[in-house]
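This report concerns only the one structure given below.
Remember, it's a predicted structure, so these values are computed and weren't measured experimentally.
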2 protein chains.
Amino acid sequence: MEKNLAPLEALSQYFRSDYFPLTKQEEEELARRFMERTVKRRAFLLQEGEVCRYASFVVAGCFKMYAVDKSGKEHNLLFAVENEWITDLASFYAEQPARVYVEALEPATVLQIKHDDLLDLFTHYHKFDRNFRILVERGYIALQDRLLQSISATAEERYQNFLTQYPHWARRLPNTQIASYLGITPEFLSKIRKDRVTKPGKA
Amino acid sequence: MEKNLAPLEALSQYFRSDYFPLTKQEEEELARRFMERTVKRRAFLLQEGEVCRYASFVVAGCFKMYAVDKSGKEHNLLFAVENEWITDLASFYAEQPARVYVEALEPATVLQIKHDDLLDLFTHYHKFDRNFRILVERGYIALQDRLLQSISATAEERYQNFLTQYPHWARRLPNTQIASYLGITPEFLSKIRKDRVTKPGKA
DNA sequence: TGGCACCCTTAACCTAGCGTAAGAAATACC
DNA sequence: GGTATTTCTTACGCTAGGTTAAGGGTGCCA
């Protein structure tokens with residue numbers, strides 16, 4: 001009963017510890033609208049061309065969001081583990097076909113809410129508008145930071161920063177996935193890792 | 001009286017046409033808290049190390065937001081012209097020193113609101129929370145799109161996309177600034193532009 | 001206990017885009 | 001209206017990172 005909170009309890013806990021905590025009533029409204037779903041490794045929450053119907057909160061397991069370019073290569077945009085959200089906002093809000101995939105890297109459990117139900121929460125309970133505003137703001141800040149790095153930093157620096165900023169992802173993900181997130185090939189990441197060991201502190 | 005709305009009228013108009021329109025009272029609250037400011041070409045709204053005290057809405061003129069890397073090079077993160085916002089959210093919300101500059105590329109007029117006044121609007125008028133949630137969502141979507149391109153597209157493709165996605169910026173900005181936004185050197189952009197003319201449609 | 005799928009590494013060769021330099025064209029400002 | 005500062009272009013050598021290919025490791029399930 002300690003490591004495995006009931007999924008909805010995990011979500012309430014999440015708001016309580018990082019956002020404006022919910023009242024009993026708001027928690028009930030939450031429970032009424034979020035649905036639990038378990039998915040296997042390799043299964044998709046979303047595929048290119050589909051409309052993203054749900055916002056998803058990860059209760060257990062691990063996901064990646066990625067796009068496929070015209071030469072067929074995958075480019076990871078985002079990872080999500082426990083207590084993180086994974087949703088293609090562009091598709092979700094505009095109700096247009098997604099240009100990305102969301103795939104489970106491990107067996108997983110998520111809580112999902114439909115677009116209309118979320119808008120409903122927004123209109124009836126001020127606090128959700130606010131909590132989601134803050135949530136998206138934080139995402140925006142993280143994205144801007146990453147964009148800056150991708151424009152201005154070398155692959156080695158980006159890897160280094162990834163390790164310090166996202167240790168919980170780094171510990172858990174295979175290097176192939178990390179390479180794709182950093183925008184380099186697995187082969188080149190391998191070379192970087194070797195060099196880091198060889199010339200450690202850098203003179 | 002047609003092209004030059006009063007600044008506050010421009011802001012109300014902005015919400016009216018793209019977001020949930022404001023009531024008379026909300027517009028008055030807006031007027032009470034936003035301050036007009038004019039800046040010369042080259043002047044800074046924000047410099048690295050300062051805390052970003054204001055959210056800024058551009059009424060006239062043109063700005064760039066950029067970061068300077070450790071070798072002294074500038075990297076443009078964002079442009080803003082009339083009816084666009086330019087604010088370092090990371091610094092503004094956390095009240096921490098900014099890592100970026102915001103500089104006027106043309107003589108400009110902005111409307112600015114202080115952090116506390118904005119939070120005040122959020123708590124007293126539900127609609128601002130909502131309008132700003134949507135505003136940030138749209139910014140997030142644009143950023144993600146750009147990140148994807150910077151990971152997966154070639155410099156020439158990025159330039160092409162820039163021209164089609166942001167014609168109003170492209171028309172107005174010098175190529176040096178555009179190059180910095182795309183993450184390439186002005187010299188290389190120049191080469192791309194030459195090639196586009198030489199081999200036009202691409203067989 | 002063997003096979004299959006996935007992951008990591010190494011190495012040799014290749015290319016997109018950078019750095020530098022320097023002249024020409026355009027624009028800002030007094 | 002004229003000078004000074006930006007901006008744009010061209011060219012050439014150079015480096016970060018990609019590509020291809022191949023070998024070895026590891027865990028999983030039959």
Side-chain angles (χ1 to χ4, degrees), chain A residues 40-43 62 64 66 68-76 79 103-107 149-163 169-199 202, chain B residues 39-43 61-62 64 66 69-76 79 103-108 149-163 169-199 202:
Chain A
K40 298 185 189 160
R41 192 174 126 88
R42 293 278 145 119
C62 176
K64 65 175 172 179
Y66 64 92
V68 177
D69 70 20
K70 46 186 181 308
S71 76
K73 265 169 295 189
E74 296 182 5
H75 301 276
N76 287 345
F79 298 118
E103 181 183 337
L105 290 169
E106 304 173 4
Q149 282 192 42
S150 112
I151 288 178
S152 69
T154 163
E156 184 167 356
E157 292 164 344
R158 274 177 279 150
Y159 179 56
Q160 191 60 281
N161 290 336
F162 180 81
L163 292 183
W169 287 352
R171 244 177 278 124
R172 194 155 169 178
L173 296 164
N175 287 330
T176 43
Q177 297 304 326
I178 294 174
S180 168
Y181 181 92
L182 295 175
I184 60 178
T185 58
E187 292 83 354
F188 192 62
L189 177 55
S190 186
K191 185 193 273 181
I192 289 173
R193 287 160 51 82
K194 187 175 67 171
D195 293 353
R196 269 163 41 88
V197 175
T198 312
K199 44 163 187 178
K202 189 66 172 300
Chain B
V39 298
K40 297 185 189 160
R41 192 174 126 88
R42 292 277 145 121
C62 177
K64 63 173 171 179
Y66 64 93
D69 69 22
K70 45 186 182 307
S71 76
K73 266 168 295 187
E74 297 181 4
H75 301 276
N76 287 345
F79 298 118
E103 180 183 339
L105 290 168
E106 303 174 6
Q149 281 190 45
S150 112
I151 288 178
S152 70
T154 163
E156 184 167 356
E157 290 164 347
R158 275 178 279 150
Y159 179 57
Q160 190 59 284
N161 290 337
F162 180 82
L163 292 182
W169 287 351
R171 245 178 276 122
R172 195 154 169 179
L173 297 164
N175 287 331
T176 44
Q177 298 304 326
I178 295 175
S180 168
Y181 182 91
L182 296 175
I184 59 178
T185 58
E187 293 84 353
F188 191 61
L189 177 54
S190 188
K191 185 194 274 183
I192 289 173
R193 287 159 51 82
K194 188 175 66 169
D195 293 353
R196 272 163 39 88
V197 175
T198 312
K199 43 164 186 177
K202 189 66 173 299

What integer distance in Å separates [X]:[atom1] from [N]:[atom2]?
| X | N | atom1 | atom2 | result |
| --- | --- | --- | --- | --- |
| B:Leu182 | C:dG17 | CG | P | 11 Å |
| B:Glu74 | C:dC18 | CD | P | 16 Å |
| B:Glu106 | C:dC29 | CD | C1' | 16 Å |
| A:Asn175 | C:dT10 | CG | P | 12 Å |
| B:Lys40 | C:dA28 | NZ | P | 17 Å |
| B:Leu189 | C:dG17 | CG | P | 12 Å |
| B:Ile178 | D:dT9 | CD1 | P | 11 Å |
| A:Arg41 | D:dG27 | CZ | C1' | 11 Å |

Minimum side-chain heavy-atom gap [X]-[Y] below 4.5 Å:
| X | Y | answer |
| --- | --- | --- |
| A:Arg158 | A:Asn161 | no |
| A:Lys40 | A:Pro107 | no |
| B:Arg193 | B:Tyr159 | yes |
| A:Tyr66 | A:His75 | no |
| B:Leu173 | B:Cys62 | yes |

Flag, side chain of A:Thr185 to backbone of A:Phe188, donor-acceptor distance under 3.5 Å: yes

Donor-acceptor pair, side chain of A:Asn76 and main chain of A:Ser180, under 3.5 angstrom: no

By salt bridge (charged side-chain N to carboxylate O under 4.0 Å, His left out) - contacts of B:Arg172 (at least two apart): B:Glu82, B:Glu106

Show each protein N/O and nucleotides 15-22 of chain D N/O combination with a separation under 3.5 Å, one pair to a line.
from: D:dG17; atom 1: OP1; to: A:Ala155; atom 2: N; distance (Å): 3.1
from: D:dG17; atom 1: OP2; to: A:Thr154; atom 2: OG1; distance (Å): 3.3
from: D:dG18; atom 1: OP2; to: A:Thr185; atom 2: N; distance (Å): 3.4
from: D:dG18; atom 1: OP2; to: A:Thr185; atom 2: OG1; distance (Å): 3.4
from: D:dT19; atom 1: OP1; to: A:Lys73; atom 2: NZ; distance (Å): 3.2

Angle between terminal axes - the helix from C:dC8-D:dG23 to C:dC30-D:dG1, 5 pairs each end, rounded to 10°: 60°

Short side-chain N/O contact from A:Thr176 to OP1 or OP2 of C:dC8, under 4.0 Å: yes

Any B:Arg193 side-chain N or O less than 4.0 Å from OP1/OP2 of D:dC8: no

5'-most by nearest nucleotide on DNA chain D - B:Ser190 or B:Arg42: B:Arg42

Geometric class of the A:Trp169/A:Phe162 ring pair [parallel <30°, tilted 30-60°, perpendicular >60°]: tilted

